Amino acid sequence: MKKRNLSVTLSIFTFLFVATCAHALSEDDYRQLETFANVLAVAQKNYVTPVPTKKLVDGAIQGMLTSLDPHSAYLTGERYRDLEVNTRGSFGGIGITVTIKDGVLTVTDAMKDTPADRAGIKAGDQIIKIDNQSTSAMSLDGAVGMMRGRRGSSVRLIIHRTGLANPMNILVARDVIRIHSVDSRSIDGYAYIRLDQFQETSDEEVEKRVESFQKEDHGRIRGLVFDLRDNPGGLLSQAIKIADEFLNGGMVVYTQGRDQSQREKYFAHSKSGFYAYPMIVLVNGGTASASEIVAGALQDQGRALIVGTQTFGKGSVQTILPIDDHSALQLTTARYYTPAGRSIQAVGITPDVQIDDPRPALALKEEEKEQVETIPRAASRPELPAAPTDPEPEWARDVQLTKTIEILKHWDSFKTQLVKKETVIG
């Protein structure tokens, strides 16, 4: 081996030894590491243009983690800082949450009143290209990084939507995205709370809304709709706290991983004077992760009726493992299970009462097919219900919500569905 190759090999061995110092490597492991170091050295020497070692190593790490699952990633620099920012409430971008589903970068939510929402992007849309780069081999972290950026700058997306013959070509101007996670309103005398994402203070906001409704109803809520449609999840700690708000003791969720530290059980607190008012959790295909934990816990404990369509099925735990002050691994370390032992991963939560959303996919007019500017279109998510004085309130045009309110109005005849599944309302 040439001197340069040997130097690179030794540096890679040093890097990997530090990262795995607590783990004894077999002879075969060392052979594999030597192969990796040789490939790196050959690529660095023979590639058409000079390539820094850091770029090659970073790319190798990203590829290694992406090969495990779509949710594991190498977080460096700005990406690492973004992770903290995203749970605290603001960042520069277009206002969507994404995942990789069936190998395709897929939108799980377009946040209300964001550039993506105003451009007509909706949950279920598949992003084929970002700024003319194919997303087929792109990591989730890399895709998010490309879509985020300075306010006023633009990103071009090529989107495939079921029901449209041609891809949508949309130019979206970035803005500062401020996430408002909780909204609420009284609908026909029933409480309605919508949670868009599980952030650091979401439990406090939900608790305040519940307390407000209790005061309005003289301490006894007639019934509550907890809307988790298109909620992509967020902090596990918040899912546990919010489930605790509605439960009187019992298990919320448990996790199973390879390491003993990843085998945890989480419980709600028992409360004196607890009133189990009628409750419905509204879900759909965009309901994922922490949202599915809450829905699964309330369903298994018979606390709430789950209404809507099958949820997304993202039931894995990602742990942030710092490498140094500037980088970390986001690594899948466990899976979630509902109190009854159901795995959420790739399955999701099946509603007790299925109510499909009959709204058709929005078709582009012929003259819009080549439009590359922002395309104003109706939001995929229902608007916050309008005030009762509105002669035609927006919530009345939301089929899933209106039928959910009807269930609350006839709760005594529906409450037996807490132990039955697959009820369909046409």
Side-chain angles (χ1 to χ4, degrees), residues 99 101 106 108-109 122-124 162 187 190-198 206 223-233 239 242-243 245-247 250-253 276-315 336-359 380-382 385 395 397-426:
T99 191
K101 186 173 185 179
T106 304
T108 57
D109 185 34
K122 59 190 292 187
T162 302
I187 303 176
Y190 294 96
Y192 170 86
I193 298 176
R194 185 176 76 207
L195 180 63
D196 289 328
Q197 190 171 350
F198 290 77
V206 169
L224 182 144
V225 177
F226 192 37
D227 193 347
L228 294 178
R229 289 176 296 177
D230 297 322
N231 182 321
I242 289 172
E245 170 68 30
F246 301 115
L247 291 170
M251 184 183 290
V252 173
V253 67
Y277 46 79
M279 182 177 179
I280 292 176
V281 179
L282 198 50
V283 300
N284 67 3
T287 301
S289 193
S291 298
E292 294 173 294
I293 289 173
V294 173
L298 299 181
Q299 185 180 51
D300 280 2
Q301 290 214 36
R303 173 64 184 90
L305 201 67
I306 310 302
V307 173
T309 56
Q310 191 77 15
T311 64
F312 187 83
K314 197 279 184 182
Y336 299 121
Y337 294 84
T338 71
R342 293 180 293 158
S343 173
I344 296 170
Q345 181 63 24
V347 178
I349 301 297
T350 300
D352 300 300
V353 180
Q354 181 176 320
I355 302 178
D356 294 327
D357 188 349
R359 289 173 297 176
S380 64
R381 205 183 213 312
W395 68 265
R397 296 189 290 274
D398 180 346
V399 172
Q400 291 175 314
L401 181 55
T402 54
K403 290 184 176 180
T404 296
I405 295 296
E406 284 301 310
I407 292 174
L408 282 177
K409 289 179 179 179
H410 302 88
W411 183 253
D412 287 341
S413 62
F414 267 98
K415 62 184 179 181
T416 55
Q417 299 303 328
L418 291 171
V419 293
K420 293 181 180 179
K421 304 292 186 286
E422 303 298 333
T423 299
V424 177
I425 295 185

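Worth saying up front: this structure is predicted, and the values here are computed from it rather than measured. The first residue in the sequence is number 1, and the count goes up from there.
A search for side chain to side chain donor-acceptor pair (under 3.5 Å) contacts involving Tyr190 returns Arg222, not counting sequence neighbours. Residues meeting the salt bridge (charged side-chain N to carboxylate O under 4.0 Å, His left out) test with Glu406, sequence neighbours left out: Lys409. Scanning for side-chain contact (heavy atoms from CB on, under 4.5 Å) contacts around Ala191 gives Phe213, Ile221, Leu224, with sequence neighbours left out. For Phe246, the ring-ring contact (aromatic ring centres under 6.0 Å, His included) partners are Phe226, not counting sequence neighbours. For Thr108, the side chain to side chain donor-acceptor pair (under 3.5 Å) partners at least two apart in sequence or on another chain are Thr97.
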Query raised in the report: Stepwise, does the side-chain contact (heavy atoms from CB on, under 4.5 Å) test hold for Ile280 with Trp411?
Result: CA-CA 10 Å; Ile280 292 176; Trp411 183 253; 3.8 Å; yes
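Across all non-hydrogen atoms, the minimal contact from Leu408 to Pro278 is CD2-CB, 4.0 Å. When all heavy atoms of Gly233 and Ser291 are compared, the pair lying nearest together is N-OG, 4.1 Å.
Counting heavy atoms from C-beta outward, Gln299 and Ile349 have side chains that approach closer than 4.5 Å. Contact annotation: the side chain of Ile187 never approaches that of Val225 to less than 4.5 Å [non-hydrogen atoms, C-beta and beyond].
To the nearest 0.5 Å, atoms OG1 (Thr311) and CD1 (Ile293) are separated by 11.0 Å. One finds the CG atom of Asn284 at 4.5 Å from the CG atom of Asp230 (value rounded to the nearest 0.5 Å). Distance check, rounded to the nearest 0.5 Å: CZ of Arg194 to CG of Leu282 gives 11.0 Å. Here the straight-line distance linking atom OG of Ser289 with atom CZ of Phe312 works out to 10.0 Å at 0.5 Å rounding. Note that the OG1 atom of Thr287 and the CG atom of Asp109 stand 9.5 Å from one another [nearest 0.5 Å]. Leu305 CG to Ile407 CD1: the interatomic distance, rounded to the nearest 0.5 Å, is 6.0 Å.
With hydrogens and angles left out, the side-chain atoms of Asp398 and Gln400 include no donor and acceptor closer than 3.5 Å.
The stretch residues 276-302 participates, sequence neighbours left out, in these salt bridge (charged side-chain N to carboxylate O under 4.0 Å, His left out) pairs: Asp300-Arg342.
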